[in-house]
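Remarks on the structure that follows.
Per chain, numbering begins at 1; letters A, B, ... match sequence-line order. For clarity, every value in this text was computed on a predicted model and none was experimentally measured.
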Number of protein chains: 2
Amino acid sequence: MSEAGTDGRRVRTDKQRNRVHILEVAEQFFAEQGISGSMDAIAKRAGVGAGTLYRHFPNREALLAALLQARNEELEARRDAIRREESDSSDALAQWLDALGEWVTAFDGLPEPLRVALTEDTSPLTITCQGFITTTEEFLGAAQRDGGAHPWVRARDLFLSTLATAWARSAALADESSSEGLSTLMRSGWEKSVDGTTPGAS
Amino acid sequence: MSEAGTDGRRVRTDKQRNRVHILEVAEQFFAEQGISGSMDAIAKRAGVGAGTLYRHFPNREALLAALLQARNEELEARRDAIRREESDSSDALAQWLDALGEWVTAFDGLPEPLRVALTEDTSPLTITCQGFITTTEEFLGAAQRDGGAHPWVRARDLFLSTLATAWARSAALADESSSEGLSTLMRSGWEKSVDGTTPGAS
DNA sequence: GACGATACGGAGACAGTCTCCGCTTTGTCA
DNA sequence: TGACAAAGCGGAGACTGTCTCCGTATCGTC
């Protein structure tokens with residue numbers, strides 16, 4: 001018993017099967033080659049025509065959005081875990097930003113379309129981003145109330161910084177320690193240390 | 001008297017003229033449309049064939065590098081001015097990073113090829129970047145010696161952060177204040193305030 | 001002015017995105 | 001179970017952009 005479409009009719013099984021299969025293939029493909037690999041190549045690898053690919057996902061961004069959907073649930077689970085288990089609000093924010101940073105590294109090149117999505121409001125990725133900004137707002141607000149984050153920092157900027165850091169990271173790979181350096185730099189940016197100690201750098 | 005080429009022969013005047021003209025046109029074109037506009041469109045606008053464009057500049061990156069050459073001199077002049085006029089080493093570093101941030105905003109989309117250039121060593125942009133990292137090192141070193149910058153910050157990371165901030169800025173344009181927020185966040189990241197005051201935010 | 005070297009132009013090879021439409025497959029209903 | 005309409009499929013090809021190749025035009029020299 002498949003779900004019914006918007007009208008009474010059933011969703012055709014071949015359609016459903018294709019959709020799932022394309023997603024599987026695209027997931028692997030993007031993971032291997034980064035998000036800018038050829039769309040037609042994905043279609044070919046999935047064994048479907050280009051038309052089929054584009055009927056399911058009208059462009060690269062839509063495909064990406066569908067792929068991220070699954071990961072979103074993971075990230076939301078992680079958010080809940082942090083809420084539950086982390087009592088220190090600064091650490092909670094830091095952990096959330098870490099989780100975000102990891103999520104955005106799911107595929108090489110992902111930060112770019114996300115950044116673009118932030119400038120639009122039509123994009124399927126925009127809503128996702130908005131949701132995560134809201135969550136950031138929540139963690140940030142708590143940290144600010146507790147005096148663990150500068151009061152002038154804004155959630156949207158933190159989100160953008162996380163994106164930007166992830167973006168920069170893919171240039172830093174040659175120099176491994178840069179990755180950590182950038183994260184530390186960002187944390188040091190928003191964090192308001194009560195006792196004047198240097199953040200991070202374990 | 002035109003300069004001589006590597007062999008004894010003079011450089012052909014039409015070649016020289018074309019080169020200059022293409023650069024003028026490309027400068028305006030990139031300024032208008034960002035760096036991802038069509039190369040053939042530049043050739044057409046310059047009134048030359050595609051072949052001529054590509055003989056002078058084998059790819060977009062080479063064209064970009066040639067365009068930035070001129071601006072480099074500006075930036076270097078600014079560097080010298082800061083060296084001369086700014087006695088506070090933290091402010092000097094801040095000003096230098098501001099200047100860098102501005103330079104990198106010369107054309108929309110510029111941060112991306114610069115980031116890529118940092119991962120390579122063949123690119124014509126790489127050398128330029130390296131030079132600026134070295135300058136950053138100088139300013140940062142001074143600030144660190146004076147206790148105005150965290151000792152764990154590294155010049156390369158600061159350069160990358162500047163790039164990343166500029167990159168993020170073009171998503172922040174819709175929300176004007178984000179641009180400033182990001183810069184403040186970054187400065188707050190490297191700066192080690194002696195008296196515990198909040199940085200920037202005048 | 002003639003000649004060889006050099007540069008020019010633009011047609012076209014190639015690669016990518018995305019659309020369109022004839023054909024096949026599917027679900028439904030008798 | 002068979003027949004019919006609706007839905008989906010495939011891939012040729014339109015379109016856009018990058019970059020190359022080579023016949024032709026231009027330049028500098030002697």
Side-chain angles (χ1 to χ4, degrees), chain A residues 1-26 29-30 32-66 109 112-113 116 122-124, chain B residues 1-26 29-30 32-66 109 112-113 116 122-124:
Chain A
M1 180 169 288
S2 318
E3 15 241 279
T6 39
D7 58 352
R9 231 179 180 80
R10 234 187 235 174
V11 173
R12 277 177 57 158
T13 54
D14 54 345
K15 181 179 187 181
Q16 179 63 15
R17 190 179 45 229
N18 270 329
R19 187 189 150 85
V20 170
H21 185 228
I22 288 172
L23 282 174
E24 285 169 356
V25 168
F29 189 86
F30 282 155
E32 282 170 13
Q33 326 227 344
I35 62 154
S36 42
S38 147
M39 291 287 276
D40 278 19
I42 293 175
K44 184 171 268 182
R45 187 138 134 187
V48 302
T52 302
L53 171 57
Y54 283 99
R55 203 169 319 100
H56 282 282
F57 310 101
N59 51 47
R60 184 184 306 272
E61 198 178 37
L63 177 54
L64 219 42
E112 184 62 39
V116 173
T122 21
S123 153
Chain B
M1 181 167 291
S2 318
E3 19 242 277
T6 39
D7 58 352
R9 231 180 180 81
R10 235 186 233 172
V11 173
R12 275 176 59 160
T13 54
D14 54 344
K15 181 178 187 182
Q16 180 62 15
R17 190 179 45 230
N18 269 328
R19 187 189 152 86
V20 171
H21 186 228
I22 289 172
L23 282 174
E24 285 170 357
V25 167
F29 188 88
F30 282 154
E32 282 170 13
Q33 326 227 345
I35 61 153
S36 43
S38 147
M39 290 290 274
D40 277 21
I42 294 176
K44 185 172 267 181
R45 188 138 132 188
V48 301
T52 301
L53 171 57
Y54 283 98
R55 203 168 317 102
H56 282 282
F57 310 101
N59 51 46
R60 184 185 306 275
E61 199 179 38
L63 177 54
L64 219 42
E112 183 62 37
V116 173
T122 22
S123 152

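Rounded to a whole Å, the CD1 atom of A:Ile22 is 11 Å from the C1' atom of D:dG8. Nucleotide C:dC18 holds its C1' atom 15 Å from the CD atom of A:Glu61, rounded to whole Å. At whole-Å resolution of the value, CG in A:Asn59 and C1' in C:dG16 are 14 Å apart. A straight line from CG of A:Leu53 to C1' of C:dC18 spans 10 Å, rounded to a whole angstrom. Between A:Ile42 atom CD1 and C:dG16 atom P the separation is 12 Å, expressed in whole Å. Computed from coordinates, the B:Asp40 CG to C:dG10 C1' distance equals 10 Å when rounded to whole Å. Atom CE of A:Met39 and atom P of D:dG11 are 17 Å apart (whole Å). In this structure, B:Lys44 places its NZ atom 19 Å from P of C:dC8, rounding to the nearest Å.
To the nearest 0.5 Å, the span separating CZ on B:Phe30 from CD1 on B:Ile42 amounts to 4.0 Å.
Legend: residues meeting side-chain hydrogen bond (donor to acceptor under 3.5 Å, both in side chains) with B:Gln33, ordered by chain and number and at least two apart, are absent. Checked against salt bridge (Lys or Arg N to Asp or Glu O under 4.0 Å), A:Glu24 has no partners two or more places apart in sequence or in another chain. When the side chain to side chain contact (heavy atoms under 4.5 Å, CB included) test is applied to B:Pro124, the partners found at least two apart in sequence or on another chain are B:Glu61, B:Ala65. In this view, A:Arg12 and A:Asp14 satisfy the side-chain hydrogen bond (donor to acceptor under 3.5 Å, both in side chains) rule, not counting sequence neighbours.
Minimum atom distance to the side chain of B:Asn18 is reached by C:dC8, of the listed C:dC8, D:dC27, D:dT29.
OP1 or OP2 of D:dC9 lies within a sub-4.0 Å distance of a side-chain N or O belonging to A:His56. Between B:Ser38 and the phosphate of D:dT18, there is a side-chain N or O to OP1/OP2 separation shorter than 4.0 Å.
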Under 4.0 Å protein heavy-atom contacts per nucleotide of nucleotides 20-26 of chain D, with B for base, S for backbone only and - for none: BB----B
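Note on residues 40-58 of chain B: pairs passing side chain to side chain donor-acceptor pair (under 3.5 Å), not counting sequence neighbours, are B:Glu32-B:Arg45.
Annotation: side chain of A:Leu63 is in contact with side chain of A:Met39 (closest heavy-atom distance under 4.5 Å).
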